[in-house]
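Each ligand, and each atom within it, is numbered from 1 in the order the structure gives. When a residue number appears, it is its place in the shown sequence, counting from 1.
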Amino acid sequence: MALLTILHYPDKRLRKIAKRVAVVDDRIHKLVADMAQTMYEAPGVGLAATQVDVHERVVVIDVSEEKNDLRVLINPEILASSDDQNTYEEGCLSVPGVYDEVDRPARVRVRALDLAGQPYEFDADGLLAVCVQHEIDHLNGKVFVQHLSTLKQTRLKARLRKEQRELERV
Ligand code: NI
């Protein structure tokens with residue numbers, strides 16, 4: 001296993017749309033193992049392949065307290081979303097130090113492939129529903145801050161640019 005480098009917003013590579021995985025082979029197994037290690041090490045509750053500059057539809061999630069419930073979602077799809085929404089304060093390993101409220105459907109039904117390449121479905125609510133939608137957004141080239149108001153996004157980019165300039169001066 002290996003730790004992977006996580007891209008940071010507003011890196012343009014985070015905007016790429018990931019391709020579907022054609023075959024769940026050893027290469028994908030290694031990617032999943034590396035992504036899981038990177039997520040646990042960070043630490044985070046979810047990671048999409050896009051965030052480690054691999055533009056294929058692979059997601060790892062573990063929202064458990066004990067960090068012993070790894071979920072692997074290959075080619076994940078939202079089959080249905082509830083009409084009622086939840087507001088959750090989201091963060092992202094690609095946007096360190098930034099947390100803000102995002103509204104999303106409270107419950108979703110999800111279909112994905114497992115590590116054996118077999119399709120499975122599950123219903124998600126609470127943090128898991130937030131996480132699944134957040135990670136699928138990544139595969140579609142979208143970071144959670146893009147759900148925020150234009151004003152907030154402009155301020156955030158200005159702040160990140162300023163921080164970057166300060167880093168370059170050191
Ligand atoms: Ni994220």
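Atom CD of Glu65 has 12 or fewer neighbouring heavy atoms from other residues, nucleotides or ligands inside a 6.0 Å radius. The 12-atom threshold is not exceeded at NZ of Lys19, counting heavy atoms of other residues, nucleotides or ligands nearer than 6.0 Å. Within a 6.0 Å radius of CG in Asp103, more than 12 heavy atoms belonging to other residues, nucleotides or ligands are found.
Within the protein, the N, O or S atoms sitting under 2.8 Å from the Ni ion (ligand 1) are Cys92 SG, His134 NE2, His138 NE2.
Not one N or O on the side chain of Asn75 forms a donor-acceptor pair closer than 3.5 Å with the backbone of Ala112.
With Glu56 as reference, Arg27 is the one residue of Arg27, Arg20, Lys16 to meet the salt bridge (Lys or Arg N to Asp or Glu O under 4.0 Å) rule.
A cation-pi arrangement is absent between Arg15 and Tyr9, since the terminal nitrogen or guanidinium carbon is not both under 6.0 Å from the aromatic centre and inside a 45° cone about the axis.
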